[in-house]
Amino acid sequence: MDWIVDTPEKKVVVMTGSGISAESGIQTFRGAHGLWENHRIEDVASPIAFRRDPVMVWNFYLQRRKQALASRPNAGHLAVSELESWVTAGGGDFLLVTQNVDGLHKRAGSRNVIEMHGSLVFSRCTACREIFPDECTDMELPPHHDCPQKGLLRPHIVWFGESLFPGDMENIESAIRSCDVFIVIGTSGTVYPAAGLVHYANSLGIRTVCVNKDAPANLDLFDIFIQGEAGTELPRRLFPGKKAEGNTP
Ligand code: OAD
């Protein structure tokens, strides 16, 4: 087995999903049969649910915010962050695109990151639209902003039925167009537009690599599939930067 990225001067795009955070104790999306307290996740993570019952939706996100803040990045997150340092120091380009909202990649040291579904540790005012870091887990619900309009706050998350944040898709596609390898980790390949990025890379003839515990829905679009847990496979196979520590491909 060769290294996924063998030399540092490459242009690399990595995309991750909830599988990379599983070893930090955060349940994957479809791991609990997609349910939270008997609600379908799609019925909680949506603008309709928030209009109907903002307190219920905030309770869901506060529980997830607490869990994310209590979790720690694992060996998979660290390997991705170390790959970025190695590639950028070697003259290459690196972009990490994550569907995860837990903030663990940034805490592991990743710098050039697009959190395409938003972040649990940010809130947004529905009136003045200000976006700000927010690690508060204990507040009167539903929370309001201290702006002149006293707007209702919402989690800074891309919900089902909403578009990605302006510019994100353009920036992601532009990085994919010029990359040498597109590495996809810990995602089932079922949620669009993220899953469609693999089609995009594949249609451009870019090398695609998948590291996942189970075969993803779009398995046939990958040139290489490494089956296993991210925390084990990434430190061993992602790049040779750790060779001195005794890891072999
Ligand atoms: P899923 O729950 O659909 O898929 C998680 C994938 O991770 C599965 O294919 C597992 O086999 C794999 N997996 C589990 N443990 C792993 C490990 N230790 N190492 C490697 N792989 C592992 O989650 P996502 O694909 O992330 O969207 O879901 C995508 C999006 O759907 C989420 O961002 C969310 C959700 O609905 C929004 O909230 C908009």
Side-chain angles (χ1 to χ4, degrees), residues 4 14-36 39-50 57-58 60-61 63-65 67-68 71-80 96-105 108 113-122 124 154-165 168-169 172 182-199 208-222 224-238:
I4 298 173
V14 173
M15 180 171 75
T16 62
S18 57
I20 197 166
S21 293
E23 291 157 80
S24 293
I26 296 181
Q27 193 159 46
T28 58
F29 264 86
R30 280 146 197 93
H33 311 292
L35 291 180
W36 174 71
H39 302 286
R40 286 171 62 235
I41 299 282
E42 289 83 349
D43 295 338
V44 184
S46 79
I48 295 169
F50 190 66
V57 173
W58 263 111
F60 172 68
Y61 281 102
Q63 191 177 317
R64 298 189 64 207
R65 184 182 278 179
Q67 186 191 35
S71 305
R72 293 174 51 163
N74 64 54
H77 298 108
L78 293 172
V80 172
L96 171 60
V97 179
T98 185
Q99 300 168 80
N100 299 345
V101 293
D102 54 36
L104 289 176
H105 279 298
V113 188
I114 294 180
E115 294 177 314
M116 67 185 292
H117 291 164
S119 170
L120 285 170
V121 289
F122 282 78
R124 182 163 95 229
R154 59 164 281 175
H156 184 51
I157 299 283
V158 176
W159 284 328
F160 290 97
E162 293 187 317
S163 305
L164 299 191
F165 302 125
D168 277 2
M169 204 49 166
I172 295 166
F182 183 48
I183 306 164
V184 178
I185 304 162
T187 176
S188 56
T190 49
V191 174
Y192 285 77
L197 294 171
V198 187
H199 287 269
T208 50
V209 180
C210 174
V211 181
N212 213 53
K213 194 160 136 186
D214 306 295
N218 50 5
L219 177 66
D220 57 334
L221 295 173
F222 289 98
I224 297 173
F225 173 43
I226 297 170
Q227 188 157 23
E229 301 210 318
T232 307
E233 300 304 330
L234 296 179
R236 289 203 304 184
R237 298 187 169 190
L238 197 51

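These numbers come from the heavy atoms of this one structure, side chains and all, not from hydrogens, waters or symmetry mates. Whatever order the structure lists them in is the order used to number ligands and atoms, beginning at 1.
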For atom 24 (P) of ligand 1, grab the closest protein heavy atom and report residue, atom and distance to one decimal in Å.
Ser18 OG, 3.6 Å

Return a yes/no value for Trp159: is any of its N or O atoms, backbone included, closer than 3.5 angstrom to an N or O of ligand 1?
no

Decide yes or no on side chain to side chain contact (heavy atoms under 4.5 Å, CB included) for Tyr61 and His156, but give the supporting numbers first.
CA-CA 10 Å; Tyr61 281 102; His156 184 51; over 6 Å; no

Note: Ile41, heavy atoms under 4.0 Å from ligand 1, region reported as neither

Protein heavy-atom partner closest to atom 31 (O) of ligand 1 - residue, atom, separation in Å
Val191 CG2, 3.1 Å

Could you identify the single nearest non-hydrogen protein atom to atom 8 (C) of ligand 1 and state the distance to 0.1 Å?
Asn212 ND2, 3.9 Å

Which atoms of ligand 1 sit under 4.0 Å from any heavy atom of Gly186?
5 (C), 6 (C), 7 (O), 21 (N)

Side chain or backbone, does Ala230 bring an N or O within less than 3.5 Å of an N or O on ligand 1?
yes

Nearest neighbour in protein (non-hydrogen) for atom 18 (N) of ligand 1
Glu23 OE2, 2.7 Å

Within a distance under 4.0 Å of any heavy atom of Gly228, pick out the atoms of ligand 1 and give their elements.
19 (N), 20 (C)

Atom 3 (O) of ligand 1 sits nearest the protein heavy atom Ser188 OG, 2.5 Å

Nearest 0.5 Å, please: how far is CG in Leu104 from OG in Ser24?
5.0 Å

Just heavy atoms, cut-off under 4.0 Å: does Asp214 contact ligand 1 by side chain, backbone, both, or neither?
both

Could you list the residues that satisfy ring pair (Phe, Tyr, Trp, His ring centres under 6.0 Å) with Phe225, not counting sequence neighbours?
none

Should we say atom CD1 of Ile48 is surrounded by more than 12 heavy atoms from elsewhere, each under 6.0 Å from it?
no

The atoms of ligand 1 lying under 4.0 Å from a heavy atom of Val158, numbered in the order shown, are 39 (C)

Could you state the interatomic distance from CE (Met116) to CG (Leu96), rounded to the nearest 0.5 Å?
11.5 Å

Value for CZ (Phe60) from CG (Asp43), rounded to nearest 0.5 Å, stands at 11.0 Å

Sub-4.5 Å side-chain heavy-atom contact between Val80 and His77
no

Yes or no: does Ala194 have any heavy atom under 4.0 Å from an atom of ligand 1?
no

Please indicate whether any nitrogen or oxygen in Thr190 is less than 3.5 Å from any nitrogen or oxygen in ligand 1.
no

Euclidean distance, Thr187 OG1 relative to Gln99 CD, rounded to 0.5 Å:
4.0 Å

heavy-atom search around atom 25 (O) of ligand 1 in the protein gives Thr187 OG1, 2.6 Å

Rounded to the nearest 0.5 angstrom, the CZ-CZ distance for Phe160 and Arg40 is 9.0 Å

Proximity to ligand 1 by part of His117, non-hydrogen separation under 4.0 Å
side chain

Residue pair Leu164, His117: steps toward the side chain to side chain contact (heavy atoms under 4.5 Å, CB included) verdict:
CA-CA 7 Å; Leu164 299 191; His117 291 164; 4.2 Å; yes

Pull out every atom of ligand 1 sitting under 4.0 Å from any heavy atom of Ala22, numbered as shown with elements.
15 (N)

Near Phe160, which atoms of ligand 1 are under 4.0 Å from a heavy atom of that residue?
36 (O)

Under 4.0 Å from any heavy atom of Gly17, which atoms of ligand 1 are there?
26 (O)

From CA spacing to verdict: side chain to side chain contact (heavy atoms under 4.5 Å, CB included), His105, Ile20:
CA-CA 10 Å; His105 279 298; Ile20 197 166; 3.8 Å; yes

shortest atom 21 (N) of ligand 1-to-protein heavy-atom contact is with Lys213 N, 3.2 Å

Identify the heavy atoms of Asn212 and Asp214 that sit nearest to each other, and give their distance.
ND2-O, 2.7 Å

Please evaluate residues Gln67 and Ile26 with respect to the criterion side chain to side chain contact (heavy atoms under 4.5 Å, CB included), reporting the C-alpha separation (whole Å), side-chain torsions for both, the decisive distance (0.1 Å), and the verdict.
CA-CA 7 Å; Gln67 186 191 35; Ile26 296 181; 4.1 Å; yes

Which residue and heavy atom of the protein sit nearest atom 17 (C) of ligand 1, plus the separation:
Gly19 O, 3.3 Å

